[in-house]
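Computed over heavy atoms, backbone and side chain alike; hydrogens, waters and symmetry mates excluded.
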Amino acid sequence: MEERLRRWRMVLGGGEADGTGVALHGSDAAMDGALSAVYERDGGLGASAPRVARWLGDIRTYFPSTVVQVMQKDAIERLDLTRLLLEPEMLEAVEPDVHLVGTLLALNRVMPDRARESARAVVRKVVTELERRLAQKTRAAVTGALDRSARTHRPRRAADIDWDRTIRANLSHYLPEHRTVVPSRLVGHARRQRAVRREVVLCVDQSGSMAASVVYAEVFGAVLASLRSLRTSMVVFDTAVVDLTDRLDDPVEVLFGTQLGGGTDINRAVAYAQGLITRPADSIFVLVSDLYEGGAREETLRRVAAMTQAGVQVVVLLALSDEGAPSYDHDNAAALAALGVPAFACTPDAFPELMAAAIERRDLGHWVESHTS
């Protein structure tokens, strides 16, 4: 009973209304104080860098890293601690995560030189961890899809035979008495082609609401650019378009080449991306945006329609993050769906499989249904 009351006291936060009558001591009191600083109405950390640094140390002592990341994000948003992130000692004390990187990128243009190297270290740590988590899965999914999408009638190995397609191609050779198909020709997967086999253009909205998506998209861009069978381009946009393709070998440089915030001109970005596509039937265009268009909406839709008619596989992601779809323009999403281009949110862990589906030119509408139901 005493333990149950203690837990309720931690949940309710104390005060006359909690009804437990339990007093906290030692580490329980320290945990309660750390929570109160952010979540109590009369809490707060003030503008004192030393006090915030102590609080960051406390939460890392008493809570797991996943909880620390949530508390940091809430503290930055609730208590307006953004200014303190320009201090190198603060950056050295925080727990790096995707949301913190987004905040630092938004501050990039006003960041003093003395904080810039600390900020880069934070960003590099997050990027390295994301690459460790996502790179192998992405390379395996994409290279597998490229192998499967290359057909041959002379597969070299039994493992290269596409049995579904082989059976469908030989149904006329069905022998009822033996209840089997005797294939006259095989359909298989051609492998080990070294030439560029697909063009991928990642076009990323860098408005403030897309911070986490920008981070993930640029990590994936770097991974895709490392595959010789793909020619990967990366552009980011607000009211202007910036081509960051030549920086894809260093995703930290790519991220510091973005500037979160500002307006949005999707039409200009799509027009630029069209100019990068040289082989439409072998190209995948990935637009990551909340679809709030500040440019010419009808022209954007015409450009997307032209790309799909030319054979480009168009993918529109409202978000590339773990948080689901943010606020987005539902009318523009519906207009794209009418063109056969579904707009949906995608988690980073699902993105490799999505790219595999796009490479194999599977029905992305069905893919979305199977991954969002």
Honestly curious: do L248 and V215 fall in one hydrophobic cluster under the side-chain, below-4.5 Å linking rule? yes
Backbone N/O of V254 and side chain of T258: donor-acceptor pair under 3.5 Å: no
For a 4.5 angstrom cut-off between non-hydrogen side-chain atoms, does L230 reach V142? yes
Please check this pair: side chain of R198 against backbone of I359, looking for a donor-acceptor N/O pair closer than 3.5 Å. yes
So do M355 and V200 actually touch side chain to side chain, heavy atoms under 4.5 Å? yes
Less than 4.5 Å apart, side chain to side chain, heavy atoms only: is that true for L227 and R139? yes
Side-chain donor or acceptor of E299 paired with backbone N/O of N267 under 3.5 Å: no
Is there a path of hydrophobic side-chain contacts, each under 4.5 Å between heavy atoms of I/L/V/M/F/W/Y residues, joining W367 to V341? no
Shortest non-hydrogen contact from A240 toward R268: CA-NH1, 4.2 Å
When you measure from the side chain of R303 to the backbone of Q274, do you find a donor-acceptor pair of N or O atoms at a distance under 3.5 Å? no
Is there a salt bridge (charged side-chain N to carboxylate O under 4.0 Å, His left out) between R120 and E253 once you walk through the steps? CA-CA 9 Å; R120 283 181 178 272; E253 285 301 312; 2.7 Å; yes
Consider only side-chain heavy atoms of I, L, V, M, F, W and Y, link residues closer than 4.5 Å, and tell whether I284 and V368 are in one cluster. yes
Kindly compute the distance separating CZ (F256) from CG (L104), expressed to the nearest 0.5 Å. 7.0 Å
d(F220 CZ, L202 CG) to nearest 0.5 Å is 10.0 Å
For the residue pair E298 and R302, establish whether any side-chain heavy-atom pair is separated by less than 4.5 Å. yes
Using 0.5 Å steps for rounding, measure from the CZ atom of R231 to the OG atom of S283. 7.5 Å
Flag, side chain of R60 to backbone of V68, donor-acceptor distance under 3.5 Å: no
Might you confirm whether atom CD of Q136 has over 12 heavy atoms from other residues, nucleotides or ligands at distances under 6.0 Å? no
L224 with L364, same ILVMFWY side-chain cluster at under 4.5 Å: yes
Minimum-distance pair of heavy atoms, taken over all atoms of A273 and V201: CB-CG1, 3.9 Å
State whether a side-chain donor-acceptor pair under 3.5 Å links T245 with D243. yes
Taking Y328 for its side chain and Y292 for its backbone only, find out whether a donor-acceptor pair lies under 3.5 Å. no
Kindly say whether V214 contributes a backbone atom to a donor-acceptor pair with the side chain of Q206 at under 3.5 angstrom? no
Are the side chains of F344 and L317 in touch, meaning some heavy atoms are under 4.5 Å apart? yes
Between the CG atom in D349 and the CZ atom in R133, the distance rounded to the nearest 0.5 Å is 4.5 Å
Whether D58 side chain and A34 backbone form a donor-acceptor pair below 3.5 Å: no
Quick check: closest heavy atoms across L91 and V94, and the distance to 0.1 Å? O-CG2, 3.3 Å
Taken to the nearest 0.5 Å, the spacing of F63 CZ from Q72 CD works out to 12.5 Å
Tightest non-hydrogen contact, residues E92 and S118, listed as OE2-OG, 3.9 Å
Which atom pair, heavy atoms only, marks the closest approach of D363 to G365? OD1-N, 2.8 Å
Point-to-point distance, once rounded to the nearest 0.5 Å, from NE2 of H99 to CG of D322: 7.5 Å
Would you name the heavy atoms of L318 and A343 that are closest together and state the gap between them? CD1-O, 3.8 Å
Do L336 and L301 have side chains that approach each other closer than 4.5 Å (heavy atoms only, starting at C-beta)? yes
Could you point out which residue of V242, I266, V270 forms a side-chain contact (heavy atoms from CB on, under 4.5 Å) with F237? I266
Min side-chain heavy-atom separation P251-E131 under 4.5 Å: yes
Between L100 and V126, is the side-chain contact (heavy atoms from CB on, under 4.5 Å) condition met? List the steps. CA-CA 9 Å; L100 179 61; V126 172; over 6 Å; no
If you group Ile, Leu, Val, Met, Phe, Trp and Tyr by side-chain heavy-atom gaps below 4.5 Å, do L130 and V286 land in one group? yes
